[in-house]
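Following: one structure in structure tokens, then a few remarks.
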Amino acid sequence: MIDMSDVYDKINDLTKRRGFVWPTSECYGAVAGFIDYGPLGSMMKRRIEDVWRSFYVIQEGYYEIECPTIGQESIFIASGHVKGFSDKMFQCPHCKEYLRADHVVEGGGIAGASTMSEEQLSAALAPITCPACEEVIGTVEVFPFNLMFQTTIGPGSQRSGYLRPETAQGMFTDFQRLLRFYRDKLPFGAVQIGKSYRNEISPRQGMIRLREFTQAEAEIFVHPDEKDHPRFARYAGYEVPLFGQTQQQENSAPLVMTMREAVDTGIIANEYVAYYLALTHQLLVRIGVKPDRLRFRQHLPDELAHYAEDCWDAEVRSDRFGWVETVGIADRTDYDLRAHEKQSGQSFTVFIQYETPKRVQRRRVVADMGALGPKYRGKAKDIADALATTVPGPDGITVTVGSEQFFVPKDLYKIIEEEVDLPGEEVRPHVIEPSYGIDRMCYAVLEQSYDEEIVDGEERRVLRLPPLVAPVQVAVFPLMNRDGLDSIAEQLTHTLHEHHILAEYDDSGAIGRRYRRQDEIGTPFCITVDYDTREDQTVTIRDRDSMAQVRVPVDRVPGIISDLIEGKRSFSTICP
RNA sequence: GCAUCGAUGGUCUAGAGGUAUGACUUAGGCCUUCCAAGCCUAUAGCCCGGGUUCGAUUCCCGGUCGAUGCACCA
């Protein structure tokens with residue numbers, strides 16, 4: 001009935017007009033890839049983040065941390081972003097087009113381009129024709145384009161720093177502190193909501209692809225051999241549409257199945273990943289994503305990061321952009337902790353006690369320091385340490401210390417065979433990472449909430465936002481701004497504020513106009529003070545979606561509105 | 001980043017080498033006893049920089065932003 005084909009344009013228009021999202025620093029000309037959240041957008045975004053917190057922090061018990069958005073170079077050397085987050089590019093000398101060197105080389109029929117050096121790529125490109133202008137490329141320089149914003153820390157040192165391309169690294173670099181905080185037990189998790197930065201080459205698509213964006217990420221550290229979620233029962237029967245590798249390859253529809261089935265049949269790698277798929281589904285639906293516009297797509301083997309065991313994207317279908325990746329849920333194994341261990345030289349393991357100590361046979365090489373000392377002098381200690389980690393030969397042991405080799409005859413050490421009780425072992429946890437793009441969630445919610453209908457021959461624009469995320473929670477109107485109705489309405493507004501409800505008072509213009517104003521920004525309920533209020537202390541509550549009204553005593557309003565916002569009851573169950 | 005097209009009050013829009021039309025919105029007032037009613041009044045605009053010109057919002061060049069395609073990215 002209503003043409004929704006250019007919903008994106010309508011959303012863009014509405015969000016600009018009504019203060020949800022603005023182009024940034026417009027007075028100097030906006031910059032692509034950056035946006036400002038206006039008053040209502042900031043409020044809505046905050047509410048969405050708070051729903052996220054209610055799941056991850058309150059329900060799951062993973063506390064939130066807050067790390068700097070600028071990180072020193074070592075972090076991103078370890079994470080692989082310094083090296084791996086850059087594309088090797090070149091500029092076609094003829095048409096000035098910037099192109100991915102490896103893609104063009106592969107397109108030219110040469111295999112293995114992804115592992116080539118810049119020089120090799122440059123050489124390989126020379127005889128290939130440019131896919132943009134079809135000229136033979138010829139001599140060209142291949143250069144790395146890193147998606148990270150680089151900066152320097154401090155005035156003199158010129159120490160290199162980067163704006164973080166994801167919030168995740170903070171949870172990894174704080175691993176040992178977090179482990180202690182959670183009293184040395186697995187599993188535990190920490191989350192972070194904050195800004196991340198990627199210097200996209202050509203961002204478009206409004207809120208979908210930004211150079212500065214908000215992520216909400218959880219890093220859950222689990223025992224590598226225990227990927228059964230302790231509270232899996234919560235979501236075992238929860239059904240989710242799964243667009244697995246097989247369905248994608250066979251071009252078939254997503255399978256709807258319970259998480260129990262998905263894990264048992266091996267479609268999802270383990271209970272942890274399945275658990276957060278289901279949780280994500282529940283979360284996205286709660287903020288206003290329609291279930292029929294939501295699916296979980298598994299990464300195909302060639303797009304799966306080499307270290308990841310399994311990865312699923314929650315995709316939300318947009319009228320304008322198709323299926324948009326909005327959340328990524330990955331089992332990253334111990335890749336990140338291992339990388340930081342290597343880069344920092346620190347330990348990123350957890351000591352796990354066995355239930356009963358393990359009795360093991362152990363053979364130790366113990367040096368006779370009384371003999372080694374006089375013989376090797378200053379090097380005796382190093383030699384003894386080296387002995388401890390070697391396997392003895394029949395007559396002695398040859399050890400390497402520094403660049404020197406020493407043959408240590410067998411009478412200078414003793415071999416001790418012993419049985420010892422091992423109380424436990426050092427384990428490097430695996431990481432389960434649900435990573436949410438908050439801006440994309442905001443856009444999805446706006447797009448899917450947008451509706452138009454004809455009421456009495458007039459178009460009504462309404463954002464059918466869930467009350468939980470609507471920026472303004474309730475509006476209060478006096479039917480007439482006189483006869484004392486206005487002061488009663490103002491008083492009610494104050495009372496609502498005292499109940500921590502964001503209520504907006506409006507007495508300007510006809511009552512119908514005021515309803516429509518609130519409809520357009522998604523305010524779920526409007527309260528009207530009329531002449532009856534003066535007689536019997538009742539007001540009407542009007543529901544945004546049905547436009548229906550019920551009359552209730554004014555002193556019950558705060559309680560009813562709170563219940564409606566929190567979803568403890570629905571509008572249709574309100575009785576006078 | 002390349003190519004094409006575009007940019008006029010908050011929004012939509014008319015327009016011409018001589019500072020701009022109309023509607024909606026917003027604000028104030030009148031009116032109005034529940035869904036953008038009516039009347040009066042007001043606020044508010046030619047994307048930025050340079051060039052041509054007596055004069056440029058209009059023509060030219062460059063930039064910014066946006067749309068589309070390519071490329072890139074997720």
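Every chain is numbered from 1, with letters handed out A, B, ... down the list of sequences.
- Distances were taken from every side-chain heavy atom of A:R209 (C-beta onward) to each of B:U32, B:C72, B:A36; the shortest belongs to B:C72.
- Among all heavy-atom pairs drawn from A:R569 and A:L564, the shortest one is O-CD2, 3.6 Å.
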Provide a list of protein-nucleic acid N or O atom pairs under 3.5 angstrom, restricted to nucleotides 6-12 of chain B.
none

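- Applying the ring-ring contact (aromatic ring centres under 6.0 Å, His included) rule to A:Y335 yields the partners A:H306, A:Y307; only residues at least two apart in sequence or on another chain are considered.
- Rounded to whole Å, the distance from CZ on A:R516 to C1' on B:A36 is 6 Å.
- In this structure, the salt bridge (Lys or Arg N to Asp or Glu O under 4.0 Å) partners of A:E315, at least two apart in sequence or on a different chain, are A:R295, A:R297.
- For the atom pair A:S202 OG and A:R211 CZ, the distance stands at 7.5 Å (nearest 0.5 Å).
- Residues A:R440 and A:T326 have side chains that never bring a donor and an acceptor to within less than 3.5 angstrom of each other.
- Judged by distance alone, the side chain of A:Q247 and the main-chain N or O of A:G244 form a donor-acceptor pair under 3.5 Å.
- A:D336 meets the salt bridge (Lys or Arg N to Asp or Glu O under 4.0 Å) test with A:R332; sequence neighbours excluded.
- Residue contacts shown for A:R297 are absent, as no nucleic acid heavy atom lies under 4.0 Å away.
- Among B:C34, B:U33, B:G1, the nucleotide with an atom closest to any side-chain atom of A:S202 is B:G1.
- In this structure, A:E459 places its CD atom 19 Å from P of B:C35, rounding to the nearest Å.
- Listed nucleotides: B:A36, B:C34, B:A67. Nearest to the side chain of A:R204: B:A67.
- Applying the salt bridge (Lys or Arg N to Asp or Glu O under 4.0 Å) test to A:D483 and every residue at least two apart in sequence or in another chain returns nothing.
- Under the Watson-Crick and G-U wobble criteria, each requiring two contacts below 3.5 Å, nucleotide B:G9 is left unpaired.
- Remark: A:H299 engages no residue in a ring-ring contact (aromatic ring centres under 6.0 Å, His included) (not counting sequence neighbours).
- With a glycosidic angle no more than 90° from 0, B:U19 adopts the syn conformation.
- One N or O donor and one acceptor, one from the side chain of A:R542 and one from the base of B:C35, sit under 3.5 Å apart.
- Between A:R514 atom CZ and B:C35 atom C1' there is a gap of 11 Å when expressed in whole angstrom units.
- In this view, A:R198 satisfies the salt bridge (Lys or Arg N to Asp or Glu O under 4.0 Å) rule with no residue, not counting sequence neighbours.
- Of the C1' atoms belonging to B:A16 and B:U21, the separation is 12 Å, rounded to the nearest Å.
- Look at CD1 on A:I511: it is 16 Å from C1' on B:C31, rounded to the nearest Å.
- No donor-acceptor pair under 3.5 Å is formed between the side chain of A:E309 and the backbone N or O of A:D331.
- Residues satisfying the ring-ring contact (aromatic ring centres under 6.0 Å, His included) criterion with A:Y272, sequence neighbours excluded, are A:H229.
- Residue A:D506 is the one, among A:D506 and A:E200, whose nearest nucleotide of RNA chain B lies closer to the 5' end (criterion: closest heavy atom).
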Please tabulate, one pair per line, each protein N/O and nucleotide N/O from nucleotides 23-26 of chain B that are separated by under 3.5 Å, including the distance.
residue, atom, partner, partner atom, Å
B:U25, OP1, A:R513, NH1, 2.8
B:U25, OP1, A:R513, NH2, 3.0
B:U26, OP1, A:R517, NE, 2.6
B:U26, OP1, A:R517, NH2, 2.9
B:U26, OP2, A:R513, NH1, 3.0

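- The base-pairing partner of B:U4, taking Watson-Crick or G-U wobble contacts with both distances under 3.5 Å, is B:A67.
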At a cut-off of 3.5 Å, list every protein nitrogen or oxygen paired with a nitrogen or oxygen from nucleotides 63-66 of chain B, distance to 0.1 Å.
residue, atom, partner, partner atom, Å
B:U64, O2', A:A30, O, 3.4
B:C65, OP1, A:A32, N, 3.2

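- In this structure, CD of A:Q518 is placed 15 Å from C1' of B:C34, rounded to the nearest angstrom.
- Of all the residues in residues 522-530 of chain A, A:T528, A:D530 reach under 4.0 Å from RNA chain B with at least one non-hydrogen atom.
- Checked against the 6.0 Å centroid threshold, A:Y436 and A:F55 do not count as a close aromatic pair.
- Every residue two or more places apart in sequence or in another chain was checked for a ring-ring contact (aromatic ring centres under 6.0 Å, His included) with A:F20, and none qualifies.
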